[in-house]
Protein chains: 2
Amino acid sequence: MNWLTDAQLDSWLSVVRLMTWLPWSIDQQLRRDSGLGMVEYQVLAMLSESPRRIMRMSSLAEVTNASLSRLSHLVKRLEGRGLVRREPDPADGRFTNAILTDKGFKTLAGAAPGHVAHVRSLVIDVLSPEQLRRLGLAADRIVSRIDTSAID
Amino acid sequence: MNWLTDAQLDSWLSVVRLMTWLPWSIDQQLRRDSGLGMVEYQVLAMLSESPRRIMRMSSLAEVTNASLSRLSHLVKRLEGRGLVRREPDPADGRFTNAILTDKGFKTLAGAAPGHVAHVRSLVIDVLSPEQLRRLGLAADRIVSRIDTSAID
DNA sequence: GGCCATGACTTGACGCTTCAAGTAGCGGCG
DNA sequence: CGCCGCTACTTGAAGCGTCAAGTCATGGCC
C-alpha cells in the first residue's frame, strides 16, 4: 500500500496537533473568561451581525457548522440563560427564528475583545501576512475536498 | 480595541472551517469503515508502534492529547471489545500498562489503509510538497504558542 | 377542500468527555 | 516500621453531541 514519506507524515502530524490543540485553546479561553463555548460564541456573533439580530435556526446551523439537532439543544440552553429568544417565523411557521437578546449582546460584547486578542496572539501575530494568507488558502483547499453531503 | 483586517478575518475563518470539518471527516471515515473513532485509532496506532505493543496509560494520554480520565474510559471500552488489555506494571504497581491484543492489531491493520488513503485524498494530494511543508510549519508555530500547562 | 409529502425543526435516549472525588502503590521521613 | 504525601490512575455523575423518531406547518395534487 501507498504509505506516507517521513516529510509528509511530519507535516500531517503537525496538522493533527493543530486540529486538536487550537480548538481546545480557543474553547478554554472563552469558557474561562466568558462562560461560553466556541460554538455558543459563534452563534451569538452571527446573530449580532445579522440585520435585526435575528436568524433562522437552519441558517445558524449552516454558518456554525452544527447539526440542526445540536443547534436546537444549544440554543435551548442559551435561551435558558436568557441570551437568546426563539419564536416561529410569523410568515412561515415551519421556520424558527433565533433572536439575540440585549443580555446576549452584552455577553458577546464582553467576550469579544478577549477572544480576538487570544486569536491574535496564537495565530495572527505569529505568522507573517503572507504566511497567514497561505495558511488560509491551504485550509480552503483541504476543506473544499471534504464531502459534507452526509450531514443529516 | 484592535480588530482584525478583512484579510486576516478571512484567513482565520478558513482556519476555523478547517478545524471543524477536517477532524469531522477523518472521524466519519474511520467510524464508517472500521468502527473506530480518531482517538481510538491513535491509541491503537501508538501501541502498535511501541516495542512490545505496550504503553503506560500516562504516555498514551500524552501522545494522543487525551486527558487521563478520558483515556481511562476509552481504554476500558477498547478492553471490552477485546482490542486492548490492561495490567498493572509489574515493576511499579502505580503504573498501568495498556497492551495491544492480536485482535486489536488486526483491527488496526484493517483500518490503516483506508485512513491513510483518506488523509492522502484530503490533505497530502491537494497540496504541493512545498505547500504541505509550509502548512506543517505554520501549524507548528501556532501549536507552540498554545499554553498546555492548564491540563489536569 | 382534504390528504399527503416535505421541510424544519424538536425531543429523548444513548454514548462519550469532563470534572471532581475517590483509590491504591510506593518512596521518604521520623 | 508506620504514617504521609505524591503520583497514577479509576470511578460516578453531570453535561454535551449524535442518532433516530417524533411533531407540526405548509404547499401541491387530486
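Chain letters run A, B, ... following the sequence lines, proteins first, then strands; residues in each count from 1.
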Apply salt bridge (charged side-chain N to carboxylate O under 4.0 Å, His left out) to the pair B:K76 and B:E79, showing each step before the final yes or no. CA-CA 5 Å; B:K76 192 197 293 179; B:E79 195 171 26; over 6 Å; no
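Residue side chain A:H73 does not reach the base of D:dG15 through any donor-acceptor N/O pair under 3.5 Å, judged by distance alone.
When each of B:E40, B:R86, B:H73 is paired with B:L78, the side-chain contact (heavy atoms from CB on, under 4.5 Å) condition holds for B:E40 and for no other.
Rounded to an integer number of Å, the gap from A:M57 CE to C:dG7 P is 19 Å. At whole-Å resolution of the value, CG in B:L78 and P in D:dT10 are 13 Å apart. Look at CG on A:L74: it is 16 Å from C1' on C:dT11, rounded to the nearest Å. Between A:L71 atom CG and C:dT11 atom C1' the separation is 15 Å, expressed in whole Å. Summarising the geometry, the separation between CG on A:D27 and C1' on C:dT18 is reported as 12 Å, rounded to the nearest angstrom. Straight-line distance from the CG atom of A:D89 to the C1' atom of C:dG7: 14 Å, rounded to whole Å. In this structure, B:M38 places its CE atom 19 Å from C1' of C:dG15, rounding to the nearest Å. Rounding to whole angstrom units, CZ of residue A:R32 and P of C:dC19 are separated by 13 Å.
Contact annotation: A:R77 does not reach the phosphate of D:dG15 (side-chain N/O to OP1 or OP2, under 4.0 Å). The side chain of B:S72 contributes no N or O atom lying less than 4.0 Å from OP1 or OP2 of D:dT11. Distances shown here put a side-chain N or O of B:T96 below 4.0 Å from the OP1 or OP2 atom of D:dC9. Residue A:R86 places at least one side-chain N or O under 4.0 Å from the OP1 or OP2 atom of C:dT10.
Among the nucleotides D:dC19, D:dA13, D:dT10, the one closest to any side-chain atom of A:S69 is D:dC19. In the set C:dC9, D:dC9, D:dT11, D:dT11 carries the atom at the smallest distance from any side-chain atom of B:K76. If you check D:dC9, D:dT18, C:dT10 against the side chain of A:S67, the one that comes closest is D:dT18. Between D:dA8, C:dC9, C:dG7, one nucleotide has an atom nearer to the side chain of A:R94 than all others, and that is C:dG7.
Mapping A:R31 and A:N97 onto DNA chain C via the closest heavy atom, the residue that lands nearer the 5' end is A:N97. Looking at which nucleotide of DNA chain D each of A:R70 and A:D92 is closest to, the 5′-most match is held by A:R70. Along DNA chain D, the nucleotide closest to A:V39 and the one closest to A:P90 are compared, and the more 5′ of them pairs with A:V39.
The number of heavy-atom neighbours closer than 6.0 Å to CD of A:E62, taken from other residues, nucleotides and ligands shown, is 12 or below.
Closest non-hydrogen pair, B:M46 versus B:L60, comes out as CB-CD2, 4.0 Å. Taking every heavy atom of both residues into account, A:A61 and A:L71 meet most closely at N-CD2, 3.5 Å.
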